[in-house]
Peer 1: 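Could you have a look at this structure, given as structure tokens, before my questions?
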Amino acid sequence: QVQLVESGGGLVQAGGSLRLSCAASGRAVSLSMGWFRQAPGKEREFVAAISWSSVTYYGDSAKGRFTISRDNAKNTVYVQMDSLQPADTAVYYCAATSDVARLSSLGQYDVWGQGTQVTVSS
């Protein structure tokens, strides 16, 4: 029904920046959106989320460095990632939920993108 496609990943040096995009097709009206990441051997970790009304939430590792935003007219959510470090290396996934608050739990999200690789070299 709702399809999510991430883009913008790649290889950057420590201290660099990337902006990831997540485009939604189908009906994505009134959905909150989140970003999660998963490194090899690790569980999926909450990065950031944004409600339909643009209230934002950040995981501890992202706060102060990453900024989530959305363009509702384009059904697209972004995360601007600055001051990247090797520990940020992971596959980044976007996801959608009908929930409007407390958006940090994986179980809240019903639709997931395929992921985009972010690699930060030292």
Side-chain angles (χ1 to χ4, degrees):
Q1 188 173 14
V2 177
Q3 304 290 327
L4 306 177
V5 179
E6 303 96 333
S7 62
L11 174 64
V12 297
Q13 294 184 354
S17 298
L18 285 173
R19 189 178 78 155
L20 306 183
S21 300
C22 177
S25 61
R27 290 299 183 94
V29 177
S30 299
L31 294 179
S32 299
M33 303 291 294
W35 286 96
F36 294 78
R37 67 187 187 186
Q38 189 165 22
K42 302 290 197 300
E43 294 188 354
R44 198 162 295 188
E45 175 190 13
F46 173 70
V47 176
I50 185 166
S51 73
W52 185 253
S53 59
S54 296
V55 177
T56 58
Y57 306 83
Y58 293 96
D60 289 341
S61 63
K63 196 167 187 177
R65 299 188 299 132
F66 296 0
T67 304
I68 190 169
S69 61
R70 68 189 301 163
D71 185 338
N72 289 345
K74 297 180 179 179
N75 287 328
T76 301
V77 64
Y78 310 91
V79 59
Q80 175 70 36
M81 306 189 297
D82 298 324
S83 301
L84 286 164
Q85 301 298 316
D88 297 313
T89 295
V91 177
Y92 284 70
Y93 299 89
C94 68
T97 177
S98 60
D99 289 353
V100 297
R102 297 186 178 274
L103 302 176
S104 63
S105 298
L106 275 69
Q108 295 177 266
Y109 292 85
D110 301 311
V111 182
W112 293 81
Q114 84 288 348
T116 185
Q117 177 71 46
V118 172
T119 302
V120 184
S121 65
S122 60

Peer 1: Only pairs at least two apart or in different chains count here, so list each disulfide (SG to SG under 2.5 Å) that has a residue in residues 31-64.
Peer 2: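 The answer is none; no pair qualifies.
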
Peer 1: Connecting only ILVMFWY residues whose side-chain heavy atoms lie within less than 4.5 Å of each other, what is the rest of Tyr78's hydrophobic cluster?
Peer 2: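 Hydrophobic cluster check, Tyr78: no partners found.
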
Peer 1: Kindly compute the distance separating OG1 (Thr89) from CD (Gln117), expressed to the nearest 0.5 Å.
Peer 2: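 Nearest 0.5 Å value for the OG1-CD distance: 7.0 Å.
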
Peer 1: Report the residues that fulfil ring pair (Phe, Tyr, Trp, His ring centres under 6.0 Å) with Tyr93, sequence neighbours left out, ordered by chain and then residue number.
Peer 2: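 Once residues adjacent in sequence are excluded, Tyr93 has no partner under the ring pair (Phe, Tyr, Trp, His ring centres under 6.0 Å) criterion.
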
Peer 1: Would you please name every residue forming a salt bridge (Lys or Arg N to Asp or Glu O under 4.0 Å) with Glu6, sequence neighbours left out?
Peer 2: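 Glu6: no salt bridge (Lys or Arg N to Asp or Glu O under 4.0 Å) contacts found.
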
Peer 1: Which disulfide (SG to SG under 2.5 Å) pairs, counting each pair once, include a residue from residues 44-86, with sequence neighbours left out?
Peer 2: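 Counting only pairs at least two positions apart or across chains, no disulfide (SG to SG under 2.5 Å) contact touches residues 44-86.
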
Peer 1: Taking the six-membered ring for Trp, are Phe36 and Tyr109 ring centroids under 6.0 Å apart?
Peer 2: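 Under 6.0 Å, so yes.
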
Peer 1: Any salt bridge (Lys or Arg N to Asp or Glu O under 4.0 Å) involving residues 93-112? Give me the pairs, sequence neighbours left out, ordered by first then second residue.
Peer 2: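 Of all non-adjacent pairs touching residues 93-112, none passes salt bridge (Lys or Arg N to Asp or Glu O under 4.0 Å).
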
Peer 1: Using every non-hydrogen atom in the two residues, find where Ala14 and Gln85 come nearest and quote the distance to one decimal.
Peer 2: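 Scanning both residues, the minimum pair turns out to be CB-OE1, 4.2 Å.
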
Peer 1: Holding to side chain to side chain contact (heavy atoms under 4.5 Å, CB included), I want the full list of residues that pass it with Val118, two or more places apart in sequence or in another chain.
Peer 2: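 Testing Val118 for side chain to side chain contact (heavy atoms under 4.5 Å, CB included), a comparison that skips the adjacent residues, returns Leu18, Leu20, Met81, Tyr92, Val120.
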
Peer 1: Would you compute the distance between atom OG1 of Thr76 and atom CG of Leu4 and round it to the nearest 0.5 angstrom?
Peer 2: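 That separation rounds to 10.0 Å.
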
Peer 1: Ignoring hydrogens, what is the shortest heavy-atom contact between Ser32 and Leu103? Give both atom names and the distance.
Peer 2: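 Nearest pair, atom of Ser32 first, then Leu103: CB-CD1, 3.9 Å.
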
Peer 1: By side chain to side chain contact (heavy atoms under 4.5 Å, CB included), which residues pair with Ser83, not counting sequence neighbours?
Peer 2: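 For Ser83 the side chain to side chain contact (heavy atoms under 4.5 Å, CB included) partners, ignoring immediate neighbours, are Arg65.
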
Peer 1: Check for a donor-acceptor pair, side chain of Tyr58 on one end and backbone N or O of Ile68 on the other, with a separation under 3.5 Å.
Peer 2: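 Here the side-chain-to-backbone pair exists.
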
Peer 1: Tell me whether Asn75 contacts the main-chain N or O of Ser25 through its side chain, where contact means a donor paired with an acceptor under 3.5 Å.
Peer 2: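 Looks like no, no N/O pair under 3.5 Å.
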
Peer 1: Mind checking the NZ-OG1 spacing from Lys63 to Thr56? Nearest 0.5 Å is all I need.
Peer 2: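 Going from the NZ atom of Lys63 to the OG1 atom of Thr56 covers 9.0 Å.
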
Peer 1: Report yes or no: do Phe46 and Val91 belong to one cluster of Ile/Leu/Val/Met/Phe/Trp/Tyr joined by side chain heavy-atom distances under 4.5 Å?
Peer 2: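 Yes; tracing contacts between hydrophobic side chains, which count when under 4.5 Å, links both residues.
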
Peer 1: Is there a side-chain contact (heavy atoms from CB on, under 4.5 Å) between Phe66 and Trp35 once you walk through the steps?
Peer 2: CA-CA 11 Å; Phe66 296 0; Trp35 286 96; over 6 Å; no

Peer 1: Keeping to residues at least two apart or across chains, list the salt bridge (Lys or Arg N to Asp or Glu O under 4.0 Å) pairs with something in residues 8-22.
Peer 2: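 Qualifying pairs, neighbours excluded: none.
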
Peer 1: Under 4.5 Å between side-chain heavy atoms, counting indirect links through other Ile/Leu/Val/Met/Phe/Trp/Tyr residues: same cluster for Ile50 and Val111 or not?
Peer 2: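 Linked within one cluster.
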
Peer 1: Quick test of your reading: applying disulfide (SG to SG under 2.5 Å), list the pairs with at least one residue in residues 93-122, sequence neighbours left out, ordered by first then second residue.
Peer 2: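 Listed once each, the pairs are Cys22-Cys94.
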
Peer 1: What distance do Met33 atom CE and Ser51 atom OG have between them, rounded to the nearest 0.5 Å?
Peer 2: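 Spacing of CE (Met33) from OG (Ser51) equals 12.0 Å.
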
Peer 1: Write out all pairs satisfying side chain to side chain donor-acceptor pair (under 3.5 Å) with one or both partners inside residues 39-50, taking only residues at least two apart or from two chains.
Peer 2: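 Non-adjacent pairs meeting side chain to side chain donor-acceptor pair (under 3.5 Å): Arg37-Glu45, Gln38-Arg44, Glu45-Ser61.
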
Peer 1: Kindly write out the residues that satisfy side chain to side chain contact (heavy atoms under 4.5 Å, CB included) with Val100, not counting sequence neighbours, or none if the list is empty.
Peer 2: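 With neighbours one apart ignored, the set is empty.
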
